[in-house]
Asks: 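Dropping the structure in here first, questions after.
In what follows, every chain begins at residue 1, and chains take the letters A, B, ... in the order their sequences are listed.
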There are 2 protein chains.
Amino acid sequence: MTDQHSTLRARRRAQTRRTIQAHAVRLFSERGYDATTMNDVAEAAGVSPMTVYRHFATKEDLVLVDQHAELVAERIVASPAGGPLVRRIGGALIDAATALTGDADRQLLLARLQLMISTPALRARHLDNQYALQQAIIGALGDDATDPDTAFQAQAAASACLAALHTALVRWAEDDGRTDLPELIGKALAAVFGDDAVGPVR
Amino acid sequence: MTDQHSTLRARRRAQTRRTIQAHAVRLFSERGYDATTMNDVAEAAGVSPMTVYRHFATKEDLVLVDQHAELVAERIVASPAGGPLVRRIGGALIDAATALTGDADRQLLLARLQLMISTPALRARHLDNQYALQQAIIGALGDDATDPDTAFQAQAAASACLAALHTALVRWAEDDGRTDLPELIGKALAAVFGDDAVGPVR
DNA sequence: ACCAAGTTGGTAGTGACTATCATGAGGGTA
DNA sequence: TACCCTCATGATAGTCACTACCAACTTGGT
């Protein structure tokens with residue numbers, strides 16, 4: 001629907017959005033998140049404060065916005081429905097991480113992640129995003145939500161997988177992205193569930 | 001240090017603090033968190049807005065403040081140092097939950113938890129508090145932080161335990177506190193780590 | 001009675017965020 | 001080419017969380 005306008009207008013909009021976010025992340029990293037105002041970001045990006053709010057609903061979104069949930073969810077749906085929960089979820093997380101860290105703006109991803117971890121307000125909202133991701137995963141699993149016990153187990157398994165993911169992300173950020181992220185996620189999952197639960201050794 | 005003043009002054013201060021929080025949680029539950037201003041809280045509690053800020057640094061703290069971390073940490077320290085991580089941490093969480101749900105202001109705890117889960121801003125900060133609790137747990141484990149791999153495994157185990165805790169808390173809040181919280185936590189841990197990992201069946 | 005310290009209240013600000021209206025630049029249609 | 005219609009952007013004024021800063025009052029010990 002809103003996609004294939006692809007005309008000049010859409011490209012410009014996407015461009016200003018990228019510009020704003022790039023300047024925002026840069027300023028936040030340089031001066032600190034709290035010490036940077038929305039006006040500072042607008043000025044650096046060469047737009048009015050209003051335009052910043054048009055593209056990012058909150059200051060936190062300047063760092064946090066992503067739609068990785070879809071990426072993970074579609075891999076969950078594609079995974080064999082019969083397998084153990086942890087393997088399905090863990091595999092999807094590793095696959096998604098492989099795709100993301102191969103991406104061009106991997107540096108931006110790393111900078112954003114480091115901000116998320118070091119800034120309390122951002123860390124909180126990041127964790128909440130993970131919680132939203134958890135609900136997306138539950139939905140993608142396609143299990144019958146009718147049985148409360150099954151649902152409870154799915155919640156528990158997914159939350160633990162995401163906890164492992166977060167542990168790996170923190171480690172990755174601390175290493176400035178030098179280590180292989182998918183491998184780190186695999187190690188974290190193995191540390192939680194045991195070496196055999198995650199799948200064949202890479 | 002700051003405790004045994006216990007004189008009239010300290011008791012009054014504690015009293016106003018309780019009054020403010022009680023009115024705040026009531027208003028938040030009735031009208032919604034975002035629809036209630038700090039002035040509303042102050043007015044309902046019969047104090048000036050300044051006084052509210054003196055007792056609670058942020059609006060979120062009106063719902064979130066607790067020092068459960070110490071409660072858990074001291075139980076971790078008391079647990080046998082040799083055992084498996086998951087059992088030590090899980091046991092401490094269950095013990096702490098048993099103590100808290102037996103408490104007098106259990107209703108307040110439940111109301112606060114329901115607010116935390118339903119309000120995005122509060123949920124985010126609650127999850128961040130869990131993250132802080134995780135660090136407290138890691139510290140209480142007393143493991144050598146020198147070995148990065150050991151530390152990484154401790155982080156992964158602790159984060160997964162807290163994820164299970166959170167799953168149990170959500171379920172408890174949904175049930176309006178009717179189910180037994182410690183038992184729920186045990187089930188969540190069992191769902192994540194397998195039935196044998198948590199300890200002898202209750 | 002007197003002083004020190006702690007609790008409270010008032011004022012004036014900053015900064016995130018919203019609502020509303022105005023303007024000018026695409027982009028399809030006659 | 002001329003005409004709208006949409007949409008991205010901008011400016012203004014306002015709300016609300018939160019922060020100094022200063023003033024007044026109460027309590028507890030000497």
Asks: Measure from the side chain of A:Thr58, starting at C-beta and using heavy atoms only, and say which of D:dG10, D:dT26, C:dC17 lies closest.
Replies: C:dC17
Asks: Send over the distance from B:Tyr53 OH to D:dC21 P, rounded to a whole Å.
Replies: 18 Å
Asks: Could you tell me the separation between the CG atom of A:Leu62 and the P atom of C:dC17, rounded to a whole number of Å?
Replies: 9 Å
Asks: When the distance from CZ of B:Arg54 to C1' of D:dC25 is rounded to whole Å, what number comes out?
Replies: 13 Å
Asks: Can you tell me how far C1' of D:dG28 sits from CZ of B:Arg11, to the nearest Å?
Replies: 13 Å
Asks: Is the NZ or CZ atom of B:Arg123 positioned over A:Tyr131's six-membered ring, under 6.0 angstrom from the centre and within 45° of the axis?
Replies: no
Asks: Can you sort out which residues in residues 113-127 of chain A have a heavy atom within less than 4.0 Å of DNA chain D? Ascending by number, please.
Replies: none
Asks: Quick test of your reading of the model: are A:Asp105 and A:Arg18 salt-bridged, counting only N-O distances below 4.0 Å?
Replies: no
Asks: So, taking the atom named CH2 in A:Trp172 and the one named CG in A:Leu184, what distance separates them when rounded to the nearest 0.5 Å?
Replies: 9.5 Å
Asks: For DNA chain C, which residues in residues 34-50 of chain A have a heavy atom at a distance below 4.0 Å?
Replies: A:Thr36, A:Thr37, A:Met38, A:Met50
Asks: Would you kindly check if the NZ (Lys) or CZ (Arg) of A:Arg17 is within the cone defined by 45 degrees around the ring axis of A:Phe56 and under 6.0 Å from the six-membered ring centre?
Replies: yes
Asks: Specify the separation, in whole Å, of atom CZ of A:Arg13 and atom C1' of D:dC7.
Replies: 9 Å
Asks: Is there a side-chain polar atom (N or O) of A:Arg12 under 4.0 Å from OP1 or OP2 of C:dG26?
Replies: yes
Asks: Just how far is it from atom OG1 of A:Thr36 to atom CZ of A:Arg26, taken to the nearest 0.5 Å?
Replies: 9.5 Å
Asks: Rounded to whole Å, please give me the gap between CZ in B:Arg9 and C1' in D:dG28.
Replies: 6 Å
Asks: Within the pair B:His55 and C:dT7, is there a side-chain N or O less than 4.0 Å away from OP1 or OP2?
Replies: no
Asks: Rounded to the nearest 0.5 Å, how far apart are CD of A:Gln155 and CD of A:Gln153?
Replies: 11.5 Å
Asks: Could you tell me whether B:Lys187 and A:Asp149 make a salt bridge, using a distance below 4.0 angstrom between a side-chain N and a carboxylate O?
Replies: no
Asks: Measure the distance from NZ on B:Lys59 to P on D:dA17 and round it to the nearest whole Å.
Replies: 5 Å
Asks: Can you tell me how far the CE atom of A:Met116 sits from the OH atom of A:Tyr33, to the nearest 0.5 Å?
Replies: 11.0 Å
Asks: How many Å lie between CD on A:Gln15 and C1' on C:dA25, as a whole number?
Replies: 17 Å
Asks: Are B:Asp128 and A:Arg125 ion-paired here, with the side-chain N under 4.0 Å from a carboxylate O?
Replies: no
